[in-house]
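Heads up: numbering here begins at 1 and tracks the sequence. Note that the structure is predicted; figures quoted are calculated from it, not measured.
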Amino acid sequence: MAGLDDVLAPVGVWLQANLMVDIVRITRPAAGDPVLNPDTGLLEYPDTDLVYEGLGAVIAAGAPGGISSLPSATLPWAEETMSPARLFTPLTAPLAARDDLVEVVTVHNPANAALLGRTWFCQDPSRASTVEVVRVTPMDMKQAGRGGTP
């Protein structure tokens, strides 16, 4: 497959130059229980671990998903929508793990500011394939609560 990898190498370069033009951050929630801060009286969670910050792209994965439960004011849970997306990062970026969090830190075009302030969950580890030109990670957007609160 070395020949095919050589043929596809320029595709990866093109994608990095033309598609992966935003700055993305991947963080891993820290393991461990929260600790009581005696000064504030609040529980504080351990800091997250930075996995990657660099070039990337968040691409919507098809049409928005539907509601995964029937909405009803009498149910003890709120309906959840699915907003699948794919994260593209260079092959040199570390592998994202399930439940890592992704956010767009900087957009190349100020008109695309809608990407800022959103967070996605990595649904699975980054995909692996015999032939790759970019790293692809399946994600789902972390939904905001009613009224826009996280």
Side-chain angles (χ1 to χ4, degrees), residues 1-2 4-37 40 42-69 75-110 112-150:
M1 287 292 205
L4 184 55
D5 289 337
D6 293 340
V7 169
L8 291 176
V11 175
V13 172
W14 186 90
L15 287 171
Q16 285 186 48
N18 294 286
L19 181 67
M20 293 185 280
V21 291
D22 295 329
I23 303 298
V24 299
R25 178 182 299 139
I26 303 172
T27 55
R28 184 159 298 140
D33 294 327
V35 176
L36 178 65
N37 181 333
T40 64
L42 300 173
L43 291 175
E44 295 180 355
Y45 288 85
D47 291 334
T48 59
D49 295 323
L50 179 65
V51 175
Y52 172 75
E53 186 167 325
L55 292 176
V58 172
I59 308 296
I67 295 173
S68 61
S69 65
L75 293 176
W77 62 83
E79 68 273 10
E80 284 286 325
T81 58
M82 297 188 60
S83 300
R86 299 284 181 259
L87 172 66
F88 289 8
T89 53
L91 292 175
T92 55
L95 293 171
R98 181 181 172 104
D99 296 328
D100 281 357
L101 299 174
V102 175
E103 61 184 305
V104 177
V105 178
T106 306
V107 292
H108 73 286
N109 181 349
N112 292 347
L115 284 171
L116 299 172
R118 297 181 187 217
T119 305
W120 290 264
F121 291 106
C122 293
Q123 293 178 315
D124 287 313
S126 299
R127 300 259 168 107
S129 178
T130 300
V131 179
E132 295 179 308
V133 293
V134 297
R135 180 148 299 142
V136 179
T137 305
M139 304 184 302
D140 189 22
M141 189 170 25
K142 182 177 177 184
Q143 300 297 322
R146 292 182 192 266
T149 58

With rounding to the nearest 0.5 Å, note down the distance linking CE in Met20 to CG in Leu55.
7.5 Å
Applying side chain to side chain contact (heavy atoms under 4.5 Å, CB included), run through Leu87 and Ile26 and close with a yes or a no.
CA-CA 10 Å; Leu87 172 66; Ile26 303 172; 3.7 Å; yes
Please give me the minimum heavy-atom distance between Val24 and Thr89, naming the atom from each residue.
CG2-CG2, 4.3 Å
Please name the pair of heavy atoms, one in Ala30 and one in Pro46, separated by the smallest distance, quoted to 0.1 Å.
CB-CB, 3.6 Å
Separation of Leu43 CG from Asp33 CG (nearest 0.5 Å)
9.5 Å
With rounding to the nearest 0.5 angstrom, report the NE2 to CG distance, His108 to Asn18.
10.0 Å
Residues forming a side-chain hydrogen bond (donor to acceptor under 3.5 Å, both in side chains) with Glu53, sequence neighbours excluded
Arg25
Side-chain heavy-atom pair Leu19, Ile59 within 4.5 angstrom cut-off:
yes
Residue set satisfying side-chain hydrogen bond (donor to acceptor under 3.5 Å, both in side chains) with Arg28, at least two apart, ordered chain then number -> Asp100
What distance separates Thr106 OG1 from Ile23 CD1, expressed to the nearest 0.5 Å?
6.0 Å
Below 4.5 Å, heavy atoms only, C-beta onward: do Leu101 and Thr48 meet side chain to side chain?
no
All side chain to side chain contact (heavy atoms under 4.5 Å, CB included) counterparts of Pro94, not counting sequence neighbours
Val51, Tyr52
Counting C-beta onward and ignoring hydrogens, is there a side-chain heavy-atom pair between Met139 and Val58 closer than 4.5 Å?
yes
With sequence neighbours excluded, residues passing side chain to side chain contact (heavy atoms under 4.5 Å, CB included) with Val11:
Leu8, Leu15, Val133
For Asp124, salt bridge (charged side-chain N to carboxylate O under 4.0 Å, His left out) partners two or more places apart
Arg98
Counting distance only, does the side-chain N/O of Arg86 pair as donor-acceptor with the main-chain N or O of Pro138 below 3.5 Å?
no
side-chain hydrogen bond (donor to acceptor under 3.5 Å, both in side chains) with Asp47: which residues, sequence neighbours excluded?
none
Below 4.5 Å, heavy atoms only, C-beta onward: do Trp120 and Arg118 meet side chain to side chain?
yes
